[in-house]
Structures are given as structure tokens and as C-alpha cells.
Amino acid sequence: MNNLLNEDAEEASFSLNGMLAGFDENTSAYAHMPTKNPNSHFCFALNIKMTEEEVIPALKDYLAELERGVCREVLCIEKKMLEKEYWQKGGLLRRNLQAMRERLESKRIIAATLKVQNCACFDDLIERLEDSYAEVARLLGEIAQKVKKMKMPQRAYGQFYQYLKTQYDAEQTIMAYDEWMMKEGDNSFKTLKGKQTKEVAEFLRKDLLQHLRKPLQNEIDEVDVDKVIYWMPCDYDREYLLSKAFKMQCARFRWNISWEGDILKFDYDALGEYLFKNYYKMTDKERQAFFELDVMVELINRDIAKVMPVEEKEEVEIDMEMEDGMSQAIGYAAKTMRVEDELKHLYDYTWLMMLMNETDGLPSFDTPTSYVDYMKQCGVKSMPTRSNISKYYDKARGKFPNWTFTDADGQETKRRNNVAKRFLNLVRSVNNSH
């Protein structure tokens, strides 16, 4: 079964999550309703009824799309939402409506409104509300079971992450950063880099990535603790930074990020998948910590970019000092594609490694480490981590130029194949010119 992201629904990619949140808020808000006016309670019941009349068809459409292998968004479904009792909120509305039935039914406008709402009588309205709670819980249960059995497109996880992020109030984080800036009185690169390193270390100390697999020893060995210590305050807990636990946390963190120079980039697809699959294992405060770090790093990245020299997009020249003509060609091709913005993400270097391993006459590499070392010899300064290369390499299927990917839709698949084609053409054009 093909797993597709519905491109037509991208504009409203979070609409169903929003509708569910609205339905939840409506049913929860009733418990705090101060008035004892029967009319207000009746209006509240009608509001919930109208909301569920939107939610239930939307859930049915979503389930039907899952049956066809289409996923337009990853739903935020908690276990409690699979129970009818959760939506009933203790049955307070039902009890109050039953107690007020006689006073409400005696009013003509109530009878007329029931007729407009296609309710035969007052009891019919109460029963419909109860049925709607059960139906929402049932549909969410079916969706949860279906999702377990299908492979979600990776982009859907990224959208899920962004949806959760919109629910996070970033004001406190922004205020904390502004206060730090005023206190420091120094926005130099060194100060900002130290802040960036410390924020990540503090996040890792919470051990929030513990549900990922244990890193392999070679992945732990790739962690450069000395570099971390270099940027940390001199009085920071050195014992913790040198501990095996910290190295394990760093290794896991590296699976979910990439670097563009000194700019830290999060892999939202990977983080979204992690949060989705481990949602119930974390508290609200633990989930919030991801977005606190994300927002803080965005602010730091913004200011680091201001103090770093801007790279001019000028014509790339072939490095004639390299003795190896192939290294000249590969370095020139990679740099040109960065200038052209063809290599949009650092992980796009993975496709170059795959291409070279499949193409006669080009270098081949047994490990990501040997590939990264070679590309640096070719003059490429910014490369993804070895673990990121391995992660994306494993998502590829087939042979060039017809690769497919387990985490990409048709448009993204075409882009990745085109990245490799452009690289191959540039390398051959340089070699042919010599």
C-alpha cells in the first residue's frame, strides 16, 4: 500500500486536530459554567451537538483516507480520548438537562429549536449527545489501531510536531532570552555559542530522548565532548559532561539534528515521530521542553547569523591545487550546488554518497566516516553527522536514477534523484574539460 500525504489538504493540515481540540474544550468548559439559567444550558448542549456534527464526519473521512493509504495529518490522540466517559465529563450536562427538562420543554422556542435540529423531543437531544460521545471515542479507537499498522509518511510527523509547537506559548522563553541578553550585555559569537551549547546540555540532562534505542559504541565515540566542554561555563558540572550518560544523550540528540556551520537545525520529521510514538510516556512538561529548546535555539541562531560573516554567492572556482582531478571535480560540484541552493539540506549529501557508490569511475565509500573525511579533503566544510547520513541512507530503495524513499512523497523523491543527477553532470563536465 502506498502511503501518501494528501497535497490538497496541506493548507488545512491541522484542521482535524483543531476540531478535536475545540470539541474537547467545549465539553470541558461546561463544568465551569456559572449560570443556572436553563436556556444557557440548552444553548450549550446545542453548541456541542453542532460541533460533533462537524467532528464525526471529519473523523470518518480521515479513517476512509487511511484505508486508501492517505494520511493528511498525524492526529494527537491520547488514550483517555478513546473512552466515551472522557467526552461525557462525568455526565454533568446530561443530569442538568434532565433536571431542567420540564422548564425547558414548556417553552415554544425550545420546541421550535429542537425541530430545526431534527430532534424529535428533548430526550432525543440528550440521547444524541450521548451517542456522539460514544461515536467520537469509537472512531478515534479505529484510527489509533489503523495508524499502528501503517507506515506514516515522514512529512506527516513533521507536521504533527509543528502542530504541537503551535500549542506551546513561547512568550516565557522569549522573555527569558531577552532578559539573558540584557544581563550579558554581549552578543558576540562566543557568548551566543556558549549559550547554545549550555541550552542543549541542560535539555539533555532531562534525559527526554530515553525512549530511543541505545546508541552503538561507534556512535558514542563520535561525540566530541572536548568541544562541548570548550563552549561551556568553566564552573559547569564537569563530572556530568564526562559521564557515559551524557555521551549517550549526545549520540541520541545527533540523530535528530544537523549543523549548517554553527547554526543548529532540528530534524522536525524525526522529532515529530519520536513525540508521536512516545506521546503517552511523557508528561505535558516533558513534551513542552522540546519546544522550549526549539524556540530558544531559533532565537540564538537568529543572533548568531547576525554576527557571522555572510557568505557571498559568487562563482565557484575549481581548486587547481588539488593533485587529484576527481577530488577537484567533486569539490567543485558540491560547492556549486550549495551556491545554487540545490543542496537544500545537509542530509542531501547522503544522495551524493549513494550516487558515487553506484557509479563506475567515482569514489566509493564503505562507511559514512570515510565519506565525510573524503568530502572534507575535497574542500566541503559543512557536512551532516555520520549518524544522519546512515539514517537517510537506510531510507532509500532501488537504484539511481529511480530511487524511492520510505520517508518521501513523489515530489520529494523526484527532488532527491535530481540532486544526484545534477551532481553527476557537474562532476562529468569538469572531468571532460580536462
Side-chain angles (χ1 to χ4, degrees), residues 154 218 222 254 257-263 265 267 269 309-434:
Q154 204 70 12
N218 68 307
E222 288 179 1
R254 283 158 56 90
I257 59 101
S258 61
W259 291 94
E260 292 188 5
D262 287 290
I263 301 298
K265 297 284 189 179
D267 185 338
D269 292 345
V310 179
E311 293 184 9
E312 296 184 7
K313 290 192 173 184
E314 54 188 24
E315 185 176 349
V316 180
E317 296 182 357
I318 300 173
D319 188 351
M320 299 307 296
E321 293 183 4
M322 289 187 185
E323 296 181 3
D324 179 9
M326 181 59 71
S327 297
Q328 292 176 0
I330 288 173
Y332 169 80
K335 293 174 188 176
T336 299
M337 292 179 70
R338 287 293 285 179
V339 170
E340 295 174 343
D341 204 27
E342 290 286 341
L343 294 167
K344 293 182 180 296
H345 313 284
L346 277 180
Y347 62 71
D348 283 335
Y349 281 101
T350 307
W351 326 136
L352 309 191
M353 177 181 174
M354 287 166 49
L355 171 77
M356 287 191 274
N357 281 349
E358 292 184 22
T359 306
D360 291 339
L362 295 183
S364 61
F365 309 94
D366 294 328
T367 65
T369 299
S370 61
Y371 168 60
V372 170
D373 291 345
Y374 177 80
M375 293 299 282
K376 288 183 177 180
Q377 291 172 15
C378 294
V380 179
K381 296 178 181 178
S382 295
M383 289 290 291
T385 62
R386 281 81 166 167
S387 55
N388 262 359
I389 292 172
S390 296
K391 179 175 74 173
Y392 283 96
Y393 206 115
D394 290 343
K395 296 178 186 297
R397 302 289 184 270
K399 295 288 185 180
F400 175 78
N402 298 306
W403 290 326
T404 59
F405 302 88
T406 59
D407 67 325
D409 59 14
Q411 184 176 354
E412 174 64 10
T413 294
K414 182 178 179 181
R415 186 192 72 82
R416 293 178 184 182
N417 278 281
N418 285 341
V419 165
K421 289 178 185 177
R422 174 64 176 152
F423 178 76
L424 183 60
N425 289 337
L426 283 169
V427 171
R428 285 176 172 170
S429 69
V430 174
N431 281 337
N432 292 339
S433 66
H434 283 68

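Predicted model, so just to flag it, every value in this text is computed and none were measured.
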Checklist entry - Should I389 and Y349 be marked as a side chain to side chain contact (heavy atoms under 4.5 Å, CB included) after you check the CA-CA gap, both sets of side-chain angles, and the distance that decides it? => result CA-CA 8 Å; I389 292 172; Y349 281 101; 5.7 Å; no

[X] [atom1] to [Y] [atom2] distance, which is reported to the nearest 0.5 Å:
X	Y	atom1	atom2	result
M353	T367	CE	OG1	6.5 Å
D269	K395	CG	NZ	8.0 Å
M326	M356	CE	CE	9.5 Å
M383	T350	CE	OG1	8.0 Å
E342	T336	CD	OG1	10.5 Å
N388	I257	CG	CD1	6.5 Å

Original post:
Hey, are D373 and R386 close enough for a salt bridge, meaning a charged N less than 4.0 Å from a carboxylate O?
Top reply: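 Yes.
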
SB check D394 K391 (cutoff 4.0 Å):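 Answer for the salt bridge query: no.
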
Quick one, [X] and [Y] - any side-chain contact, counting heavy atoms below 4.5 Å?
X	Y	answer
T369	E222	yes
E412	R415	yes
K335	V339	no

On a heavy-atom basis, which atom in [X] and which in [Y] lie closest, and how many Å separate them?
X	Y	value
V380	A334	CG2-CB, 3.7 Å
N417	P401	OD1-O, 2.9 Å
S364	N357	CA-OD1, 3.1 Å
A333	V427	CB-CG2, 3.8 Å

field: Under the ring-ring contact (aromatic ring centres under 6.0 Å, His included) test, residues paired with Y347 that sit two or more places apart
entry: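 Checked Y347 against ring-ring contact (aromatic ring centres under 6.0 Å, His included); matches are H345, Y392.
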
Who pairs with F400 by ring-ring contact (aromatic ring centres under 6.0 Å, His included), at least two apart in sequence or on another chain?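 F400 satisfies ring-ring contact (aromatic ring centres under 6.0 Å, His included) with W403 only.
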
With W351, the ring-ring contact (aromatic ring centres under 6.0 Å, His included) member among F405, F423, Y393, Y371: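 Filter result, single survivor: F405.
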
**Asked** salt bridge (charged side-chain N to carboxylate O under 4.0 Å, His left out): which pairs involve residues 354-366, sequence neighbours left out?
**Response**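 Listed once each, the pairs would be none.
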
Identify the residue among L426, V419, N418, L424 that makes a side chain to side chain contact (heavy atoms under 4.5 Å, CB included) with R422.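 Filter result, single survivor: L426.
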
Backbone N or O of T406 within a donor-acceptor pair of the R397 side chain at under 3.5 Å?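 Such a contact is absent between R397 side chain and T406 backbone.
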
